[in-house]
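In what follows, every heavy atom counts, from backbone to side chain, and hydrogens, waters and symmetry copies are set aside.
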Amino acid sequence: MKIIENKNLKKYNTFGIDVNAKYFVEINDENDLLKLIDSEIFLNNKHFVLSGGSNVLFLRDYNGLIIKMNIKSIQIIEETDEYALISVGAGENWHKFVEYCVNNGYYGLENLAYIPGLVGSAPVQNIGAYSVEQCDYFYNLRGYNLLTNNFISLDNADSNFAYRYSIYKRILKNKFIITNVVYKLNKHFSPNLNYKELKERFDGKNPLAKEVFDAIIEIRKSKLPEPEKIGNAGSFFKNPTVSQEKYLELKQNYSDINGFETPSGIKLSAAYLIEKCGLKGKKFSMNSDARVYEKHSLILVNYNNASGEDIFNLSTEVINKVHNKFGIELEREVNVVK
């Protein structure tokens, strides 16, 4: 374990924001983590645990310690004819893990293919796509509790999962460091084709897991910019939820608006609201490289040298315009780091 001073973070965040960290360290195992927690630098500085950097917006240089999780392992810890429990290191690439599962006959996560980031951040954000969320197959995780100074395991019920939410995102933010995650996956494949594009693509067919996996990759590539080419963090805003009354009111004025019922109300498409405001492909400052992506209005992009402040200000403009037009407050999905 080596703590580095004044580390540039441009290649460690998918927005490609050019900022530095006062201190930076990579954690390769739990012993590294224990040594770090006992160090003067950890004790005397604020810290931020960085996973794949795919859901992070740095506003400026980070005046503290960036902890980059690099713990890697994939182990089958229990297996029957029906399921397998797979333990995965927090530093494993999420997409590569999903690919491993599909190739080895462990099913459930294939709809979450091609999501950027590392495994350790998946439960924090409760990532989801195409009618599947990681909490559907989450079993438990292990991590270090900075409040009690020990390693503990927390299960699905402990995690308080909801739409893009978990206990690790808010209540335990900066108080808990995830080291590995366990998923309970099926040995028999049953495709989830609830998403419209998947349903249309496989209409009347019974696809293999690899076919669904490949289809998800193709769909995502057609809609989402590659971070290596255009800086972005995927979906920047959460899809908002409104009351039935508000939805009916919107439906009177916008006949093409669609929503679906959830336990907390009617969920709408944030992309639809942003597009209806005429913001697709727009930027608000002539001198900024920050823009709403022209192919998908839910994505904000850095076309070259936008700062974190540029992206954040753009997101504020989007929030304000959607609120003024629809009376709906969009919430940022991306983790803003100051």
Q.
So does I230 get a backbone contact from the side chain of N232, meaning a donor-acceptor N/O pair under 3.5 Å?
A. yes

Q. Would L185 end up clustered with V102 when hydrophobic side chains under 4.5 Å apart are linked, directly or stepwise?
A. yes

Q: Could you pull out all residues at least two apart from E309 that satisfy salt bridge (charged side-chain N to carboxylate O under 4.0 Å, His left out)?
A: R60

**Q.** Under 3.5 Å donor-acceptor, N150 side chain and I152 backbone
**A.** no

(Q) Looking at N335 and V56, would you say the former's side chain and the latter's main chain have a donor-acceptor pair under 3.5 Å? (A) no

Q | Distance (rounded to the nearest 0.5 Å) between Y183 OH and C101 SG | A | 9.5 Å

Q | Donor-acceptor contact present, side-chain N111 to main-chain N192, <3.5 Å | A | yes

(Q) Under the rule for side-chain hydrogen bond (donor to acceptor under 3.5 Å, both in side chains), what residues qualify as partners of S285, not counting sequence neighbours? (A) none

Q: Examine distances only and state if a side-chain atom of W94 and a backbone atom of L112 form a donor-acceptor pair shorter than 3.5 Å.
A: yes

Q. Counting only N and O atoms by type, is there a donor-acceptor contact under 3.5 Å from the side chain of S297 to the main-chain atoms of A271?
A. yes

Q: Mind checking side-chain hydrogen bond (donor to acceptor under 3.5 Å, both in side chains) for S87 and listing every partner two or more places apart, or none if nothing turns up?
A: N180

Q: For residues S269 and K276, determine if any side-chain heavy atom of one lies less than 4.5 Å from a side-chain heavy atom of the other.
A: no

Q: Output yes when a side-chain donor or acceptor of D61 lies under 3.5 Å from a complementary backbone atom of N20, and no otherwise.
A: yes

(Q) Please tell me whether D289 and N302 have a donor and an acceptor in their side chains that are separated by less than 3.5 angstrom. (A) no

Q. Salt bridge or not for K221 and E218, using N-O below 4.0 Å?
A. no

(Q) Just to verify, what does Y114 make a ring pair (Phe, Tyr, Trp, His ring centres under 6.0 Å) with, not counting sequence neighbours? (A) H95

Q) Where the side chain of E92 meets the backbone of S73, is there a donor-acceptor pair that is under 3.5 Å apart? A) yes

(Q) Using only atom types and a distance under 3.5 Å, with no angle test, would you say the side chain of N324 pairs donor to acceptor with the backbone of K321? (A) no

Q | Members sharing L248's hydrophobic cluster (side chains within less than 4.5 Å) | A | none

Q | side-chain hydrogen bond (donor to acceptor under 3.5 Å, both in side chains) partners of K267, counting only residues at least two apart | A | none

**Q.** Fellow cluster residues of Y107, listed by chain then number, with links counted only when side-chain atoms sit under 4.5 Å apart
**A.** Y130, F189, L193, Y195, L198, F202, V212, I216, I219

(Q) Under a 3.5 Å distance rule, please check whether S159 uses its side chain to pair with a backbone N or O of F161 as donor and acceptor. (A) no

(Q) Strictly by ring pair (Phe, Tyr, Trp, His ring centres under 6.0 Å), give each pair with a member in residues 226-257 just once, sequence neighbours left out. (A) Y254-F326

Q) Is the shortest heavy-atom distance from the side chain of F260 to the side chain of N258 under 4.5 Å? A) no

Q.
Per the salt bridge (Lys or Arg N to Asp or Glu O under 4.0 Å) rule, what does the pair list look like for residues 35-47, sequence neighbours excluded?
A. none

Q | pair Q134-P123: side-chain heavy atoms closer than 4.5 Å | A | yes

Q. Going by heavy atoms in the side chains, are L36 and Y144 under 4.5 Å from each other?
A. no

(Q) Starting from I77 and following side-chain heavy-atom contacts under 4.5 Å between hydrophobic residues (I, L, V, M, F, W, Y), which residues can be reached? (A) Y83, L85, Y139, V182

Q) Is the F24 to Y12 ring centre distance short of 6.0 Å? A) yes

Q. Going by the salt bridge (Lys or Arg N to Asp or Glu O under 4.0 Å) test, which pairs reach into residues 133-156, not counting sequence neighbours?
A. E30-R142, E133-R164

Q. With sequence neighbours excluded, what pairs up with Y62 under the side-chain hydrogen bond (donor to acceptor under 3.5 Å, both in side chains) test?
A. none

Q) Are Y168 and N126 side-chain neighbours, meaning at least one heavy-atom pair lies under 4.5 Å? A) no

